[in-house]
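We count residues from 1, following the sequence as given. Just so it is clear, the model here is predicted, and its values are computed rather than measured.
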Amino acid sequence: MRRRTFITLVGGAAVAWPLAARAQQAQMPVIGVLSPASQNEELLRGFRQGLKQAGFVEGENVSILYHFAENEIDRLPALADDLARRRVAVIAPIGHPAVFAAKAATTTIPIGFVSADDPVRLGLVASLARPGSNLTGTNILQIELVTKRLQLLRELVPAATRVAVLVDPASKATTETTLQEVESAARAMALQIPVFHASNGREIGAAFAAFERERPDALLVSGGPLFTARRVQLTTLATRYMIPMISGNRQITEIGGLMSYGANITDAYRQVGVYVGRILKGEKPADLPVVQSTKFELVINAETARILGLTVPSTLLATADEVIE
């Protein structure tokens, strides 16, 4: 082969390869991830793991378009509308505000969600067994476990009679049902429950500053993506103000929160990833039953307990799924 001919062939291949790669990428299905907060790599790792179980790997045979509202909830409708305009194959919203924004944006694009409350009661699906629309996913039963968290908190801090509750009003559905559960449990346990609202980092700081005046004995943190995103701030302030804190999110406990009890949220997003993969293969969300969490983890941070001057009862230590030393 002549040298000039060889160079021409090699040059042609060099041009063809990027074109082929671009063409292949253009043919990849696109998943839209919608979150009211910033990137949570642990949850996304669970989601990607589920996708991989279903046969999809980001960048190889599926593309993911990330839309983060950076705690500006008002941006969610526009971000959801953008995903709908782009006609992504599936939308995977994180947190109730994102789920409702995605639901409002499209009735045809499949949506795979994680719900902290009964998705039937919230109007997301017709039934757990037969969702019947373009939405399906998992229910981690965060709200249903509020009473159990208060009981665990009372067991660890038996003298507590005044338990503050921190909620995010931007997560309207979560806040309403959380407060209903809290009020019912408080009456049964003879607890006083002052409620504090926070929708951003500044308001979280203001809530903790108010604790000096209100003097709560302990703190229950509601669910929601804001508090997951601000978990470093929450644990830092809880230590500074020396207040025992419980949540439903082990991510908060792992970095210094006192205790958490709830479903493994990372695994819930893994399940959503599996469902999204099945939808990409042709299954209909209307036919995929909503998965109910059945395993719940009690995680206790023993080091934080020592800092707060608390002795963890042996009964709690024996039932804990993990004790962080």
Side-chain angles (χ1 to χ4, degrees), residues 31-48 50 64-83 90-106 111-119 121-125 135-146 166-179 197-201 203-204 221-231 233-234 247-252 260 262-273 275-276 290-291 293:
I31 300 166
V33 169
L34 179 66
S35 172
S38 53
Q39 181 164 326
N40 186 315
E41 191 54 42
E42 184 171 340
L43 298 186
L44 291 175
R45 184 166 58 249
F47 180 68
R48 296 188 192 104
I64 302 179
L65 179 61
Y66 300 95
H67 277 7
F68 300 111
E70 303 294 343
N71 297 320
E72 296 179 25
I73 303 296
D74 292 344
R75 295 178 56 203
L76 283 172
L79 293 174
D81 287 342
D82 181 68
L83 292 176
V90 188
I91 299 177
I94 297 176
H96 278 159
V99 176
F100 285 111
K103 183 176 185 292
T106 178
I111 297 170
F113 62 76
V114 170
S115 178
D117 197 1
D118 180 2
R121 191 192 67 79
L122 293 176
L124 297 177
V125 296
L135 291 90
T136 189
T138 66
N139 179 13
I140 57 175
L141 306 173
Q142 279 275 33
I143 308 302
E144 289 88 337
L145 299 176
V146 166
L166 185 63
V167 296
D168 176 9
S171 295
K172 186 177 178 181
T174 301
T175 294
E176 288 178 354
T177 48
T178 295
L179 293 181
H197 297 82
S199 295
N200 53 50
E203 292 177 358
I204 290 173
V221 177
S222 176
L226 170 68
F227 298 134
T228 301
R230 304 297 302 185
R231 57 192 180 277
Q233 180 186 16
L234 284 171
S247 73
N249 190 338
R250 68 173 293 143
Q251 285 185 279
I252 296 176
S260 60
N264 187 311
I265 302 176
T266 303
D267 188 66
Y269 280 96
R270 180 199 60 78
Q271 176 60 51
V272 169
Y275 263 15
V276 168
V290 174
V291 177
S293 294

Would you check if the side chain of [X] reaches a backbone N or O of [Y] as a donor-acceptor pair within less than 3.5 Å?
X: Gln233; Y: Gly201; result: yes
X: Arg270; Y: Gly50; result: no
X: Asn200; Y: Glu203; result: yes
X: Arg231; Y: Thr228; result: yes
X: Thr177; Y: Ala173; result: yes

salt_bridge(Arg48, Glu41) N-O dist < 4.0 Å: yes
Considering all heavy atoms of both residues, which atom of [X] and which atom of [Y] are nearest to each other, and what is their separation?
X: Ile140; Y: Ala263; value: O-CB, 3.7 Å
X: Gly262; Y: Leu145; value: CA-CD1, 3.9 Å
X: Asn264; Y: Arg250; value: ND2-CD, 4.5 Å
X: Ser38; Y: Glu70; value: CB-OE1, 3.2 Å
X: Leu44; Y: Phe68; value: CD1-CZ, 4.2 Å
X: Leu34; Y: Ala101; value: CD2-CB, 4.4 Å

Side-chain contact test, heavy atoms from C-beta onward, threshold under 4.5 Å: evaluate it for [X] versus [Y] and give yes or no.
X: Pro36; Y: Leu226; result: no
X: Val291; Y: Thr136; result: no
X: Phe113; Y: Ile94; result: no
X: Ile31; Y: Val276; result: yes
X: Leu122; Y: Phe100; result: yes
X: Val33; Y: Leu65; result: no
X: Val272; Y: Thr138; result: yes

Steps toward side chain to side chain contact (heavy atoms under 4.5 Å, CB included) verdict (Leu43, Val114): CA-CA 11 Å; Leu43 298 186; Val114 170; over 6 Å; no
Candidate list Asp168, Thr174, Thr175, Asp117, test side chain to side chain donor-acceptor pair (under 3.5 Å), partner His96, passing option: Thr174
What distance separates [X] [atom1] from [Y] [atom2], expressed to the nearest 0.5 Å?
X: Phe47; Y: Asn40; atom1: CZ; atom2: CG; value: 13.5 Å
X: Asn249; Y: Thr266; atom1: CG; atom2: OG1; value: 8.0 Å
X: Ile265; Y: Ser293; atom1: CD1; atom2: OG; value: 9.0 Å
X: Thr106; Y: Ile111; atom1: OG1; atom2: CD1; value: 6.0 Å
X: Ser199; Y: Ile204; atom1: OG; atom2: CD1; value: 9.0 Å
X: Arg230; Y: Ile252; atom1: CZ; atom2: CD1; value: 12.0 Å

Criterion side chain to side chain contact (heavy atoms under 4.5 Å, CB included) on Asn139 and Glu144, from CA distance to verdict: CA-CA 10 Å; Asn139 179 13; Glu144 289 88 337; 4.2 Å; yes
